[in-house]
Participant: 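One structure follows; several queries about it will come next.
The basis for the numbers below is simple: all heavy atoms, side chains too, and nothing from hydrogens, waters or symmetry mates.
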Amino acid sequence: MLDTITGFVTKAVSSEVGVSWIIFLVILFLIIIFSIRHLLDIAVDLWRIPLAVIIDAVDILAYNNPYLDLLAAFGCFILFLVFSRRGHHWGKILGIVAVLEALVGVWILPDYAFITNLMPTSTILIFISVWSH
């Protein structure tokens, strides 16, 4: 049985390889390299997600304390400013949206504070900015 398998392998290895197989393997190799690069590029930016979760937690705690809304808005501003330093305009736009959502809580529209404080806006916007990168 082992002799049969060895014979098939020897025959397959010693036969001529077509140009189409070489082109296919080169294209497959490039696709794998670029997909690994993209996944690692996303993994480098995922460190911002725990910070966004903390900012959203501060925003939830701001239900009784309006100064925590200011702290959450400041945190959003800093987090997205750091993210947008790489020249991405999405970070600046999403940062403005996150800051405005944090300020809507008690300072701009206090009637809607119970809705906006419960939404994890910073976390969702960080996910969007990381994946759109």
Side-chain angles (χ1 to χ4, degrees):
M1 168 102 171
L2 191 57
D3 293 335
T4 308
I5 294 173
T6 306
F8 285 133
V9 170
T10 304
K11 184 179 175 186
V13 170
S14 62
S15 65
E16 247 182 76
V17 177
V19 176
S20 60
W21 279 106
I22 294 173
I23 292 172
F24 172 73
L25 290 175
V26 167
I27 290 173
L28 182 68
F29 179 72
L30 290 175
I31 289 172
I32 290 171
I33 292 293
F34 285 126
S35 62
I36 288 173
R37 180 191 168 271
H38 184 67
L39 288 175
L40 290 178
D41 196 28
I42 289 171
V44 166
D45 291 332
L46 287 179
W47 66 269
R48 293 175 178 92
I49 291 174
L51 297 176
V53 170
I54 291 171
I55 291 171
D56 284 331
V58 169
D59 196 25
I60 288 173
L61 293 174
Y63 185 75
N64 292 330
N65 190 353
Y67 295 109
L68 288 178
D69 265 337
L70 290 176
L71 183 65
F74 182 71
C76 289
F77 177 74
I78 295 298
L79 182 66
F80 283 97
L81 181 69
V82 167
F83 185 76
S84 65
R85 284 217 174 199
R86 299 171 96 186
H88 297 280
H89 299 294
W90 274 105
K92 295 174 186 175
I93 294 169
L94 296 177
I96 292 170
V97 170
V99 168
L100 288 176
E101 187 274 333
L103 290 177
V104 163
V106 176
W107 297 95
I108 298 174
L109 297 170
D111 296 336
Y112 298 104
F114 65 96
I115 296 171
T116 60
N117 284 347
L118 293 177
M119 291 176 26
T121 309
S122 298
T123 306
I124 293 169
L125 294 179
I126 283 291
F127 269 121
I128 291 171
S129 61
V130 165
W131 286 104
S132 69
H133 173 129

Participant: Is there a chain of hydrophobic side chains (I, L, V, M, F, W, Y, each step under 4.5 Å between heavy atoms) that links Leu61 to Ile78?
Facilitator: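 Different clusters.
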
Participant: Under the rule for side-chain contact (heavy atoms from CB on, under 4.5 Å), what residues qualify as partners of Ile96, not counting sequence neighbours?
Facilitator: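 Checked Ile96 against side-chain contact (heavy atoms from CB on, under 4.5 Å); matches are Leu100.
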
Participant: What closest approach, in Å, do Ser122 and Ile55 show between heavy atoms, and which atom pair accounts for it?
Facilitator: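 Result for this residue pair: OG-CG2, 3.6 Å.
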
Participant: In Å and rounded to the nearest 0.5 Å, what is the OG to CD1 distance from Ser129 to Ile49?
Facilitator: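 Going from the OG atom of Ser129 to the CD1 atom of Ile49 covers 8.5 Å.
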
Participant: Under a 4.5 Å side-chain heavy-atom rule over Ile, Leu, Val, Met, Phe, Trp and Tyr, are Leu51 and Val130 clustered together?
Facilitator: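 Same hydrophobic cluster.
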
Participant: Provide the closest heavy-atom pair for Met119 versus Glu101 in the form atom of the first, atom of the second, distance.
Facilitator: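 Heavy atoms of Met119 and Glu101 come nearest at O-OE2, 4.2 Å.
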
Participant: Can you hop from Ile126 to Leu46 via hydrophobic side chains spaced under 4.5 Å?
Facilitator: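 As far as the 4.5 Å side-chain criterion goes, Leu46 and Ile126 are connected within one cluster.
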
Participant: Would you mind listing the cluster partners of Val19? Hydrophobic ones only (ILVMFWY), side-chain contacts under 4.5 Å, chaining allowed.
Facilitator: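 Ile23, Ile27, Ile31, which link up through side-chain heavy atoms under 4.5 Å apart, make up the rest of the cluster.
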
Participant: Say you draw a straight line from OG of Ser35 to CG of Leu40; how long is it, rounded to the nearest 0.5 Å?
Facilitator: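 Going from OG on Ser35 over to CG on Leu40, the span is 9.5 Å.
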
Participant: Taking only residues two or more places apart in sequence or in another chain, which ones pass side-chain contact (heavy atoms from CB on, under 4.5 Å) with Leu39?
Facilitator: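 By the side-chain contact (heavy atoms from CB on, under 4.5 Å) rule, Leu39 matches no residue at all.
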
Participant: List, one per line, each side-chain donor-acceptor pair under 3.5 Å for residues 67-74, sequence neighbours excluded.
Facilitator:
residue, atom, partner, partner atom, Å
Asp69, OD2, Val106, N, 3.1

Participant: Please identify each residue that fulfils side-chain contact (heavy atoms from CB on, under 4.5 Å) with Ile33, with sequence neighbours left out.
Facilitator: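 Listed in chain order: Phe29.
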
Participant: Same hydrophobic cluster for Val97 and Leu79, using side-chain heavy-atom links shorter than 4.5 Å among ILVMFWY?
Facilitator: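 Looking at the clustering, Leu79 is in the same group as Val97.
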
Participant: Specify the closest pair of heavy atoms between Phe77 and Val99, including all atoms of both residues, with the distance to one decimal.
Facilitator: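 Heavy-atom minimum between the residues: N-CG2, 3.7 Å.
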
Participant: Rounded to the nearest 0.5 Å, how far does CD1 of Ile93 lie from CZ of Phe80?
Facilitator: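 Answer rounded to 0.5 Å: 12.0 Å.
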
Participant: Quick check on side chain to side chain contact (heavy atoms under 4.5 Å, CB included): which of Thr121, Leu118, Asn117 does Asp59 satisfy it with?
Facilitator: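 Between Asp59 and the candidates, side chain to side chain contact (heavy atoms under 4.5 Å, CB included) is satisfied uniquely by Asn117.
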
